[in-house]
Protein chains: 2
Amino acid sequence: MNQRQQELLDRLNRSGKAVIEVEAEHFGVASMTIRRDLRFLEKNGLAVQTKKGAIPKPKIYAAPLNMAEDSAVKRKIAVRLLEMIEPSSTVLLSTGTTTLTFARLLAQQNLPMTIITNSIPIASALFQTRIKVILIGGELRTTSLDLVGPAAEKYLSEYHIDLLVTGCDGADAQQGFYTSDLNLANLEKLSAKVSDKVIVITESRKFGRKALVKFAEIADVDAIITDNHLKAIDRELITRNGVEVFTT
Amino acid sequence: MNQRQQELLDRLNRSGKAVIEVEAEHFGVASMTIRRDLRFLEKNGLAVQTKKGAIPKPKIYAAPLNMAEDSAVKRKIAVRLLEMIEPSSTVLLSTGTTTLTFARLLAQQNLPMTIITNSIPIASALFQTRIKVILIGGELRTTSLDLVGPAAEKYLSEYHIDLLVTGCDGADAQQGFYTSDLNLANLEKLSAKVSDKVIVITESRKFGRKALVKFAEIADVDAIITDNHLKAIDRELITRNGVEVFTT
DNA sequence: GTTAAAGATGTTAAAAAATAACATTATATT
DNA sequence: AATATAATGTTATTTTTTAACATCTTTAAC
């Protein structure tokens, strides 16, 4: 990378964008030269070419965080859960999109509490709040920004948790809760074991969809928070197990 | 925003990019329609139009993340370090801006190796590459997205590392290396202990600036990689300790 | 139900931008 | 200085984007 390319990259990072004609003027070179420079920067993962120029390459870790948009349904569930949280308690918040929505809500509340999680997006969402955040170490999954594996389990086994809050990929009112990753299922089982109380938060549409691995029986949990489209029969089956059901 | 635009945004966020012709095909509409949709998404701050399509709008995150831009000096140091890395080795990459620059370089190379780190940005930068990433658990610092504390130390103490790569906040050619956080210093000391080899990468301007806590003597490290503005006297003092110095 | 209006989508010609190919200039090497 | 090599500039060609307008769809009013 030559002097001009470096300065171009610096200007790009400083201002957030580069316009070919403007840069060609600034450096006193042909626009073709700037085109070649931007091509070079893109090739090296430092920039992304846009319509008439380029922008800095979006940092990789930002993208997955943006992926999980908060849906209206998830936000309602999160608000319902918030009412049930004891201030100053220690909560284990497992990876998932609904739990992430809840974490974003918590960040706004800024309560003095401790959150333990295996999700990088959740930890990031709680960054620079009054909440003390402990991230469980482990192997980074290639499918999502969270940590699982034996090391994660070992790490977690030394904690004692007041409340576990987790989501699920699938649920059945008689069978229990499912996730699509075996490693994650193991971690979830252990999480429930070290926690005094377990709450599952999930959209009602997850009911009837079984995923790869079961990580908990219905009776293993203390409460389920879901939206108001939960079928009456499912609700009946759950409460029969002594599990509380809260809807939005 | 209509149904198609919603789904288009969804696909955009999921895959990280949208190509006009591909999307037109997928939705069974004219490419002009997708152009109009992307124009709309850009206008609403949800996407940035690129050469033949668009990417999701890079969200600006907390200041500490954005400040860590790759500078030309850091990139040169990172390139120099890359030449010295054994493929398939296990490297402990400590938190820092220079180490983050190196991680970004590594992500482009996509070598089959294992990286252990206590930095969330570093772990994220290596997400979805062939590199196996292990994130050390611990307490999230409020000043930067990394993990420290007794739990982190306990976690780390069970590993054996080929090579530790770390930066520093301050350095002195006679006294050693400094950082501004006591917890981090403790972790750094332990990191050096569990590693066969230690390389410090740092900009030469850090020399002569002492920070709060010393975490290593000069003689504790095997090599230092810095830029070519390192003073001759500093270089002399370092090599006298049997420590190799590489400059860009 | 009909009809007008507004909005969305499709089509195509014109404009703009990007590329490729080659010419020229600068830089490095011997 | 001669030569090779790399970088930059120029321009013709191709591709992409835009703008303008035609057509189709939806909505709302009557």
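Just so it is clear: chains get the letters A, B, ... in the order the sequence lines come, proteins before strands, and each one is counted from 1.
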Are R4(B) and D37(B) ion-paired here, with the side-chain N under 4.0 Å from a carboxylate O?
->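 The answer is yes: the pair qualifies as a salt bridge.
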In whole angstrom, what separates [X]'s [atom1] from [N]'s [atom2]?
X: Q49(B); N: dA17(C); atom1: CD; atom2: P; value: 14 Å
X: E42(A); N: dA18(C); atom1: CD; atom2: P; value: 12 Å
X: R35(B); N: dT15(D); atom1: CZ; atom2: P; value: 14 Å
X: F27(A); N: dT8(D); atom1: CZ; atom2: C1'; value: 15 Å
X: I20(B); N: dA18(C); atom1: CD1; atom2: P; value: 13 Å
X: I34(A); N: dT19(C); atom1: CD1; atom2: P; value: 14 Å

Angle of first-five versus last-five pair axes in the helix from dG1(C)-dC30(D) to dT30(C)-dA1(D), to 10 degrees | 30°
Main-chain N/O of L93(B) paired to T117(B) side chain as donor or acceptor, under 3.5 Å =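 Yes, because the side chain of T117(B) sits within donor-acceptor range (under 3.5 Å) of the backbone of L93(B).
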Where the side chain of D172(A) meets the backbone of G208(A), is there a donor-acceptor pair that is under 3.5 Å apart?
-> no
Residues in side-chain hydrogen bond (donor to acceptor under 3.5 Å, both in side chains) with [X], at least two apart?
X: S15(B); result: none
X: R11(A); result: E23(A), H26(A)
X: T166(A); result: E188(A)

Pairs under 3.5 angstrom only: tabulate donor-acceptor contacts from the side chains of residues 219-234 of chain B to other protein residues two or more places apart or in another chain.
{"unit_1": "D220(B)", "atom_1": "OD2", "unit_2": "E217(B)", "atom_2": "N", "d": "2.8"}
{"unit_1": "D222(B)", "atom_1": "OD2", "unit_2": "V198(B)", "atom_2": "N", "d": "2.7"}
{"unit_1": "T226(B)", "atom_1": "OG1", "unit_2": "T202(B)", "atom_2": "O", "d": "2.7"}
{"unit_1": "T226(B)", "atom_1": "OG1", "unit_2": "S204(B)", "atom_2": "N", "d": "3.0"}
{"unit_1": "D227(B)", "atom_1": "OD1", "unit_2": "S204(B)", "atom_2": "OG", "d": "2.6"}
{"unit_1": "D227(B)", "atom_1": "OD1", "unit_2": "H229(B)", "atom_2": "N", "d": "3.1"}
{"unit_1": "D227(B)", "atom_1": "OD1", "unit_2": "H229(B)", "atom_2": "ND1", "d": "3.4"}
{"unit_1": "D227(B)", "atom_1": "OD2", "unit_2": "S204(B)", "atom_2": "N", "d": "2.7"}
{"unit_1": "D227(B)", "atom_1": "OD2", "unit_2": "S204(B)", "atom_2": "OG", "d": "3.3"}
{"unit_1": "N228(B)", "atom_1": "ND2", "unit_2": "T248(B)", "atom_2": "O", "d": "3.2"}

Does a nitrogen or oxygen in the side chain of K51(A) sit under 4.0 Å from OP1 or OP2 of dT18(D)?
-> yes
Any side-chain donor near an acceptor of the partner, K51(A) and T50(B), under 3.5 Å = no
Any protein N or O atoms within reach of nucleotides 7-15 of chain C? Criterion: under 3.5 Å, listing atom names and distances.
{"unit_1": "dT9(C)", "atom_1": "OP1", "unit_2": "R4(B)", "atom_2": "NH1", "d": "2.7"}
{"unit_1": "dT9(C)", "atom_1": "OP1", "unit_2": "R4(B)", "atom_2": "NH2", "d": "3.3"}
{"unit_1": "dT9(C)", "atom_1": "OP2", "unit_2": "R4(B)", "atom_2": "NH2", "d": "2.9"}
{"unit_1": "dG10(C)", "atom_1": "OP2", "unit_2": "A30(B)", "atom_2": "N", "d": "2.9"}
{"unit_1": "dG10(C)", "atom_1": "OP2", "unit_2": "T33(B)", "atom_2": "OG1", "d": "2.4"}
{"unit_1": "dG10(C)", "atom_1": "N7", "unit_2": "R36(B)", "atom_2": "NH2", "d": "2.6"}
{"unit_1": "dG10(C)", "atom_1": "O6", "unit_2": "R36(B)", "atom_2": "NH1", "d": "3.4"}
{"unit_1": "dG10(C)", "atom_1": "O6", "unit_2": "R36(B)", "atom_2": "NH2", "d": "3.3"}

